[in-house]
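Comments concern the structure below.
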2 protein chains.
Amino acid sequence: MTFTPTIRDVARKAEVGIGTVSRVLNNSPSVSEVTRQRVLDVIEELNFTPNPIARRLSSGTTHTVAIILPNLTSPSLVERLRGVQSALADSDYALVLYSAETTERLEELFNTIPNKANADGILIVSIPPTDEHLEHFSKSGVPIVLIDVKEPQLDHVFVDDTIGGEIATQHLIDLGHTNIAFISDPIDTLFSFGAMKNRLQGYKKALRKAGIKFNKGFHVEGLPQAEIVKNLTKDLLRTPNAPTAIFAASDAHAIGVIYAARELGIHIPKELSVIGFDDIRDAEYLNLTTVRQPLFESGHDGIDLLFSTMKQQNGNKPRSIKQDLEIIRRGTTATLQ
Amino acid sequence: MTFTPTIRDVARKAEVGIGTVSRVLNNSPSVSEVTRQRVLDVIEELNFTPNPIARRLSSGTTHTVAIILPNLTSPSLVERLRGVQSALADSDYALVLYSAETTERLEELFNTIPNKANADGILIVSIPPTDEHLEHFSKSGVPIVLIDVKEPQLDHVFVDDTIGGEIATQHLIDLGHTNIAFISDPIDTLFSFGAMKNRLQGYKKALRKAGIKFNKGFHVEGLPQAEIVKNLTKDLLRTPNAPTAIFAASDAHAIGVIYAARELGIHIPKELSVIGFDDIRDAEYLNLTTVRQPLFESGHDGIDLLFSTMKQQNGNKPRSIKQDLEIIRRGTTATLQ
DNA sequence: AGCACTTATGGAACCGGTTCCATAAAAGTT
DNA sequence: AACTTTTATGGAACCGGTTCCATAAGTGCT
């Protein structure tokens, strides 16, 4: 239907060899100015664009980065994806997106994507690989960077979630609170990632340091959907001796908490302090106090790490980038009345 | 470093021809059961996986769908992307993601991506192509589907934004409002897409029908970022004879409006009614009345349209899917006191 | 038995680039 | 002038699949 010229057509018309055309395409210095111009003219005339697939096959490089993330629902994941996308826009690498909504799909992706023929590099976000996966990854020979996972065997970008949990809780303690609840993702399910567990550890650690006894009933687990969290929080706030402060393990959880309080007519921050985690976009206009982690930047850093590994041929020892956490004080936390 | 077997290695080891191996790989019926099993055994033994790039080159198909969207910031775009991603997860097509944050980048993408060698099909979301683009698209011979753009020359999925604007405004009129403002993206910039313009038309139409004069000062333009819209809205609400109802052209705009009202101590919906557009995730927990458009579904429908076009070799006439709009009454609109 | 028709199979040619080796022409050296 | 070195260039071989044509073996029919 449409005629697509090849490098051979260009060569014929410009009366040069195919090697010369290829050299012009790749800016090889060993082409005379006259020839180069002639070839360029023909390329222009035929409206020729090199077939990327043929290029990939012969050069053995895909010019592609794959990213695997658990879903596109969580704002924090989307924010990381934005960072990756933005870092990649300057390069001429394409981004192939895979979302692993189920365990089976994840298994499938982990088994098929890491393959030199598929991508030159892979980013895996917020999914801790098993030892089996790690072995397979290493066999594949494809550079892989983990984001939001601390795994010493691979390059990774991470934050210290234990400290994050600790400073969040400490912030509430500093405000005079002692009845502090913690709402997080279900911990200890297959899909749950270490971050939640570590934030819980930090929470417990801060309590311990302050001499506050950990109250099992004050740890509530549920997926970060407003409706779910809202109901869990309502139950929690209706108990006698309800908490005066809540540490939400993500801003998404915090949103549910805020709406629960609103529906119960409980004033934030006068009657209830709430601190979140992430500092997603919504946090700002919700005026939510939170522990900020650099989401967008994590995408950038991941690409940096990946590219630097892709450039050096042989695998050096894994590197890691630790990102800083910071409390952003806004309007949802206040001293205990 | 890592030995990657090819189809020829498999052929040698199984003592068959390469053609036979290829036939086994592609489930061709004309391979005897004995041979098939022998080949499969060797494939297993060598841990052979066919190189997708080689396959693409020789078969002339990329097994890839590209999606081009204006950004990953807008929740409605992300929701559409989710729909696409989900529809694609069942197929064995990979999704390549391009975000066109600037006009130059968009131009670059529109010129390079539509190429048979790049993708078997392309989805373009919320970006109206120019006539030049359309011509180039058609020359490329790649099936293209537009989402959220009404363009008769191409397959597309769309909603009637004029009607959307009309029913939103009518809803406010029905509640007794006559001082109704409209907040939207800047209209008539290069990047703005027709949707906003049409919602404005619908807004005007509803006013006209109700015999309300269009007040230029009541049409406010700004990008849908909470901070920007908040300030614009504050200015608007401080004017004498301020509106008693606001039609926000997107839920993202509506969020800014809600926060402006909150800061000014204006009660929603008692003193101010607000209706949004889109029904993004946040709308539910903000209890925002809005015009729902099927965002996630638009991604699904786009893929359906694309696949059906990809299957039939020759371009029939462009088809379109019109999605329905629906008012979701929640808590931010009420009768005029 | 002889002939036509299936059924399996091998492998060359091909997809459209890149790379590398061979070679011709130009420039530099003594 | 003879020889070495450098610079440009052509094109075969290659990347790893798919496709198609040729051919061998098997089956059925008269």
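Chain naming here is simple, since letters A, B, ... match the order of the sequence lines and numbering starts at 1 in each.
Distances were taken from every side-chain heavy atom of L57(B) (C-beta onward) to each of dC15(C), dT18(C), dA8(C); the shortest belongs to dC15(C). Taking only side-chain atoms of S30(B), from C-beta outward, the nucleotide of dA8(C), dT18(C), dG11(C) with the closest atom is dA8(C).
Contacts of E33(B) with the nucleic acid, taken as non-hydrogen atoms under 4.0 Å apart, are absent. Here T6(A) lies in heavy-atom contact (under 4.0 Å) with sugar-phosphate atoms only. Across all strands shown, G60(A) has no heavy atoms under 4.0 Å from either base or sugar-phosphate atoms. Nucleic acid contact for S32(B): sugar-phosphate only, since backbone atoms but no base atoms lie under 4.0 Å from a heavy atom of the residue. Base contact: R23(B) has a heavy atom under 4.0 Å from a base atom.
A parallel orientation is assigned to the rings of F137(A) and H133(A), their planes being inclined by less than 30° (bins at 30° and 60°).
Within 6.0 Å of CD on E108(B) lie more than 12 heavy atoms contributed by other residues, nucleotides or ligands.
In this structure, I18(B) places its CD1 atom 13 Å from P of dG16(D), rounding to the nearest Å. The interatomic distance linking F3(B) (CZ) with dG16(D) (P) rounds to 10 Å, in whole Å.
Of the residues near DNA chain C, I53(A) and R8(B), the one whose nearest nucleotide (by heavy atom distance) lies more toward the 5' end is R8(B).
Between R12(A) and D9(A) there is a salt bridge, since a side-chain N of the basic residue sits under 4.0 Å from a carboxylate O of the acidic one.
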